[in-house]
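Report on the following structure.
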Amino acid sequence: MKTSKGNRLHIAAALIASLKLVKELLIPLLVIVVSQGFSRSGEDRSFFWRLILGAAMVLGAFVWGFLRWLWFHYRVEEDLLKVDEGVIFKKKLNIPIARIQTVDFSEGLLHRMLGLTRVQVQTAGGTKPEAVFAAVTRAEADRLERLLRPGRTYDSRDGVAAAETTGVLTDCTGVLAGQERQQAPEVEHKSEGLHMKGDSTSAEGDATFKLAPGKLFLAGLTASNLGVGVSLLFAVLSQADELFPSLRIFRTLATFSGIKAILMLASIVILLAWLLAVVSSVLRYADFTVVRRGDELLISRGLLERRKVTLPVRRIQAVRIVQEIIWKPFGLVAVHVVSAGYGTQKGESTLLFPLMGTAGVEGFLAQLCPDFAVNPATLKTRRLPARAKWGYLLPVPLFLAAATGTVSFFTPWGWWGVPLTAAVIVLEWWAYRRASCVHDERLLVMRYRWATETIVVIPRKRFQYVTVKQSPLQRRSGLSTVRISVAAASAGAHFSMKGLPLTEGEKLLQGKEIL
């Protein structure tokens, strides 16, 4: 909708802003309405007035949302994006298009029902989106993407960018049209040639990778997802008998012997946590697609809420190849990237692909970000020396052993520390055996693990700084801990490895090869 002051958002933006405010006010509203229960006296009308106050707050939220929509205007003028917003405090933004780093899209359930899109504009080095368009039509979102793309030429006659990209994703739910499909072992692969009108350069052989539906059920099975699911279920189960007295969960479990009850409860929780993780992965990763278009990666995903993120390849600082324990028998990994200029809303580490076979990683990286292409299945790195194992096996297990002895002295529950300490010793030994690194004139590759195994690939030109430290134990053994920092959002990203020979740490400081 155009006005004399510029363009307005779709009217649904007023509803979205109102519902967001109502959500934030939900707890105060419940306190106001239901506090002290219903009046005991028929003459006491306090509950009625609390109800009126709650309704007034909801009405105020909708009025506020409407005013935010009414006074939000934006326009693109030559080399600037201009935004006017604010209800009480007015704010004017003038964002140089040359500074715009990404234009990202997302679609919630309401957006998808109405055929709308949410647009976020972020500049280089920004920690949060500088401009957010809560709801615009998909055609308008496509127009904004073209207008705000750095390097386009502006036609002052009609106010439209002269450079239009063939095959632009105009709909978050769409994929590039006219593509030739080739079946890869892990992903559906597509390629096409793109030509930028009005530009002398062209990008040929751009590729698309799409997550196979069958892998959705494994993608959510991570240590973090299962941990969150287990914590949530235990919280629910702890209140189950009070909320649903007829179920008598704990009374039923009490009829079994102690070990049987524990095993049965653990089995139920693990099964339900797995189901939650599967549902979560389907909602988050459904139709996960990553496209290399010129010098940018377009990442789109989601079932209920559809998201599309634009990531410039040149902003990628490091690649993380992660393998969960449960994925190891299947030879599967996830690929993450650490990028500069992405704030805490998007996270310093962006998921590039949720699940693929190790054999396909090298080809995947070679097409999307060739500076980071490695093959984790055949990667040969230098293991740590034998004397480095004590740096892994001593600190944490010794602390747990001391804590076990202390707790056992005061309580009968201290014996639980014995299997815990044994498990940590096994994991630390495993971490020592898998830790390794290699460095040449182009790349540093580090492999480390604890609950999960991670391979980090960092080009030397991306090093922000290198730190080499020694503990007293390491000084006696001629070892060191090396920390590599790369530029990313906020304070950056850091990767450490302990147990490297001091000579190799010094070579990293000097930029020499470690082979």
Side-chain angles (χ1 to χ4, degrees), residues 1-3 5-23 61-62 64-76 81 83-85 100 102-122 129-149 152 158-161 164-179 190 208 210-211 213 216 282-291 293 296-311 345-346:
M1 180 185 301
K2 290 186 178 181
T3 68
K5 296 182 179 180
N7 296 327
R8 277 204 183 110
L9 304 177
H10 191 278
I11 185 60
L15 176 61
I16 292 171
S18 301
L19 293 177
K20 182 179 179 181
L21 187 56
V22 169
K23 180 181 177 182
F62 280 90
W64 181 271
F66 176 77
L67 292 177
R68 285 197 62 181
W69 168 81
L70 185 65
W71 291 330
F72 188 103
H73 299 88
Y74 67 92
R75 59 195 180 279
V76 179
L81 168 64
V83 179
D84 299 334
E85 60 178 325
I100 293 176
T102 61
V103 182
D104 296 339
F105 305 90
S106 61
E107 292 182 3
L109 188 58
L110 182 59
H111 288 89
R112 300 183 74 179
M113 291 172 60
L114 300 176
L116 303 174
T117 299
R118 183 175 186 263
V119 181
Q120 292 186 158
V121 176
Q122 183 166 322
E130 278 71 24
V132 177
F133 305 96
V136 297
T137 64
R138 289 169 178 166
E140 176 66 5
D142 183 53
R143 188 183 76 91
L144 283 172
E145 183 181 33
R146 295 196 306 271
L147 286 171
L148 302 180
R149 183 175 304 281
R152 95 281 184 270
D158 55 12
V160 178
E164 297 182 358
T165 305
T166 311
V168 171
L169 285 172
T170 59
D171 183 345
C172 287
T173 61
V175 296
L176 297 181
Q179 297 171 335
K190 311 171 188 177
T208 298
K210 189 172 182 179
L211 180 66
L216 279 173
V282 170
L283 294 178
R284 283 186 295 170
Y285 304 137
D287 198 27
F288 192 106
T289 307
V290 55
V291 180
R293 186 186 65 191
E296 294 177 331
L297 301 180
L298 304 180
I299 305 170
S300 57
R301 63 174 177 85
L303 184 60
L304 294 181
E305 182 179 11
R306 190 71 181 160
R307 292 181 176 272
K308 191 182 86 171
V309 174
T310 303
L311 176 62
Q345 276 196 326
K346 299 184 180 70

For the [atom1] atom of [X] and the [atom2] atom of [Y], what is their distance to the nearest 0.5 Å?
{"X": "R68", "Y": "K20", "atom1": "CZ", "atom2": "NZ", "value": "7.0 Å"}
{"X": "T102", "Y": "E296", "atom1": "OG1", "atom2": "CD", "value": "9.0 Å"}
{"X": "E85", "Y": "F133", "atom1": "CD", "atom2": "CZ", "value": "9.0 Å"}
{"X": "R112", "Y": "E305", "atom1": "CZ", "atom2": "CD", "value": "9.5 Å"}
{"X": "R8", "Y": "W71", "atom1": "CZ", "atom2": "CH2", "value": "10.5 Å"}
{"X": "L114", "Y": "I11", "atom1": "CG", "atom2": "CD1", "value": "11.5 Å"}

Task: Check ion pair D142-R146 (N to O, under 4.0 angstrom) - done: yes
TODO: Going by the side-chain contact (heavy atoms from CB on, under 4.5 Å) test, name the single residue among D104, V290, L311, T310 that passes it with L298.
DONE: T310
Open item on the list: Give me the atom names and distance for the closest heavy-atom approach of H73 to G6.
Closed with: CD2-O, 4.4 Å
TODO: Could you pull out the closest heavy-atom pair between R306 and A286, with the gap in Å?
DONE: NH1-O, 3.1 Å
Kindly indicate whether the side chain of [X], heavy atoms from C-beta on, has any atom under 4.5 Å from the side chain of [Y].
{"X": "L116", "Y": "E107", "value": "no"}
{"X": "L15", "Y": "F66", "value": "no"}
{"X": "R301", "Y": "V309", "value": "no"}
{"X": "Y285", "Y": "L303", "value": "no"}
{"X": "E130", "Y": "V83", "value": "no"}

- [ ] Could you give me the CA-CA distance, side-chain angles and deciding distance for D287 and K210, then say whether side-chain contact (heavy atoms from CB on, under 4.5 Å) is met?
- [x] CA-CA 7 Å; D287 198 27; K210 189 172 182 179; 2.4 Å; yes
Open item on the list: For A13, give me all partners under side chain to side chain contact (heavy atoms under 4.5 Å, CB included), at least two apart in sequence or on another chain.
Closed with: L9, W69, A134, A135
Task: Results of side chain to side chain contact (heavy atoms under 4.5 Å, CB included) for E140 - residues two or more places apart only - done: N7, Y74, V136, T137, R143, L144
